[in-house]
Amino acid sequence: MSASSHGQAPSAIGTRLSIMMFLQFFVWGAWYVSVGPFMTANGMESQIANMYSVGPIAAIVSPFFLGMIADRFFATERVLGLLHLLGGGILLAAPSMAPQGGSIFVGLFLGYMLCYMPTLGLTNTLAFHNMTDQEKQFPLIRVFGTIGWIVANLVVSNVLKADTTAVQFYVAGAASIALGLYSFSLPHTPPPMAGKQATARDILGLDALGLMRSPSFAMFVICSFLVCIPLAAYYAFAGVYVGASGIENVAGTMSYGQMSEIFFMLIMPLCFARLGVKWMLLVGMLAWVARYGLFAAAASSQTMWMILGGIVLHGICYDFFFVTGQIYVDKKAPAAIRGQAQGFLVLVTQGLGALIGAQIMGKVVAHFTQGEVVNWQQIWTIPCVMAAVVAVIFFLAFRDDAKSMPADEEGALGLGAAH
């Protein structure tokens, strides 16, 4: 369904979709960065690793929900609205659960992330369905999501000074309910797989596993999985580290990373032309090494430029690794299974890799914490070394062959016959 089919100009549809993306990531950004400092301030620091494990668990589960239910039986905008309304209610209830203990608090957020994670795919589906030129329009609409995250960080941290208070959850909950209501006004988007029988092969994405027969793709997936283990340290503990370094507006400071993300997203086409996929991915991995190196070096002296430098590197860390990886998968996978392949990448990286990484880093932080003294230098050195080892393996073993796959190569991977 194109924009014209709604009787609206493409610019009007684009504005509505941009508002959707802004609110989608405003909701997430309003609490995700600052929940660590909140838990530390409320005696739940031992549960931070578990808190940052609920997102990966939900990332593993949500494709099954989308594949079996949302993609086949209900209009996308209605599922999106209901999930955000339910999620908003959970966020508003979260502060009342904090005094009950870390386990109950984390359990509540597991329920919340099971509502939120499917909406990431739903917003993309809704946006793509209502565009006339996805390649040109989507980046301009998706960037409003990054802006929404930045604004949420600044509102919670710089305006409301709520990095360690329950106000962040009220802000996120109110925004989630607003987005839930707004979703029902979005263009009607029928379920994309309506009428198609759900098969276990489709839902599990088994066709995408055939890509692993390609040595280059297998090496890419293995290295992506391995490097996401140390990457989890940043998402789980960078906010706590920044707060421990004497910075009060934690979320606002962390938003510098998203600001740099916008810049590097804009220059990515130029970088692709000069570097290619392998070097883009490698630069992204090395940026994580540099980030953790800066954090480790700054730990003993609390050198502010090193801490800020590690945060600002987020643009390279995220865009050159995650976005480039998505583009590589899109180039490598046959058209018929690109959706499955992207879901498989999310499952391996932001699901399994991030889950294992959050648990490992939780144990690392606990090991290097004695009473109220945290040895951040040792903590950041470990993911720095881990990321460096993976980068070396990737450099030596990966060969960029992400060209358009001929039909005989599709057959060799066992993909052509299935479609």
Side-chain angles (χ1 to χ4, degrees), residues 22 24-41 45 48-49 51-52 55 109 116 143-169 171-172 175 230-265 284 287-288 290-299 302-323 350 354 357-358 361 365 374 376 379-380 383-384:
F22 179 92
Q24 173 74 23
F25 287 89
F26 182 97
V27 171
W28 200 3
W31 68 271
Y32 191 74
V33 174
S34 48
V35 69
F38 172 83
M39 294 178 72
T40 300
E45 57 269 27
I48 290 176
M51 172 60 77
Y52 284 93
F109 270 88
Y116 182 85
V143 76
F144 279 90
T146 302
I147 294 171
W149 183 290
I150 294 169
V151 172
N153 284 180
L154 295 177
V155 167
V156 167
S157 189
N158 293 33
V159 177
L160 300 176
K161 310 294 184 184
D163 289 295
T164 58
T165 74
V167 172
Q168 59 186 281
F169 305 115
V171 171
L231 266 51
Y234 179 80
Y235 297 108
F237 294 103
V240 179
Y241 171 63
V242 168
S245 300
I247 298 174
E248 294 183 0
N249 55 327
V250 174
T253 301
M254 296 288 286
S255 71
Y256 296 155
Q258 278 67 42
M259 295 177 191
S260 73
E261 184 183 326
I262 295 176
F263 170 76
F264 285 104
M265 185 75 75
W288 283 94
R291 157 180 275 173
Y292 289 142
L294 287 170
F295 280 178
Q302 295 184 351
T303 306
M304 203 54 58
W305 73 264
M306 289 185 177
I307 296 174
L308 295 178
I311 294 171
V312 172
L313 276 173
H314 187 74
I316 303 177
C317 290
Y318 186 86
D319 292 342
F320 280 38
F321 178 70
F322 285 107
V323 178
Q350 299 179 49
M361 291 312 303
V365 171
V374 183
W376 288 109
I379 289 170
W380 293 122
C384 179

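In this structure the side chain of E45 never reaches within 4.5 angstrom of the side chain of V240, judged on heavy atoms. A heavy-atom distance below 4.5 Å is not found between the side chains of V159 and L154. Between I311 and F295, some side-chain heavy-atom pair lies under the 4.5 Å cut-off. Side-chain contact between I147 and I262 is present, with at least one heavy-atom pair separated by less than 4.5 Å. Using a 4.5 Å cut-off on side-chain heavy atoms (C-beta onward), V250 and S34 make no contact. Side-chain atoms of V365 and F237, non-hydrogen and from C-beta on, do get closer than 4.5 Å to each other.
Legend: residues meeting side-chain contact (heavy atoms from CB on, under 4.5 Å) with Q24, ordered by chain and number and at least two apart, are L80, H84, Y116, T119, L120, T123, L179.
Checked by atom type and distance alone, the side chain of Q258 never pairs as donor or acceptor with a backbone atom of T146 at under 3.5 Å. Within the 3.5 Å criterion, the main-chain N or O of N249 finds no donor-acceptor partner in the side chain of N158. Proximity of a side-chain donor or acceptor of Y241 to a complementary backbone N or O of W380 within less than 3.5 Å is not detected. Checking side-chain atoms of Y292 against main-chain N and O of G310 turns up no donor-acceptor pair under 3.5 Å.
W149 pairs in a ring-ring contact (aromatic ring centres under 6.0 Å, His included) with only one of the listed residues (F25, F22, W28), which is W28. Checking each of Y32, F109, W31 against F169 for a ring-ring contact (aromatic ring centres under 6.0 Å, His included) leaves exactly one that passes, namely F109.
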Audit row: M361, Y234, side-chain contact (heavy atoms from CB on, under 4.5 Å) steps and yes/no: CA-CA 10 Å; M361 291 312 303; Y234 179 80; over 6 Å; no
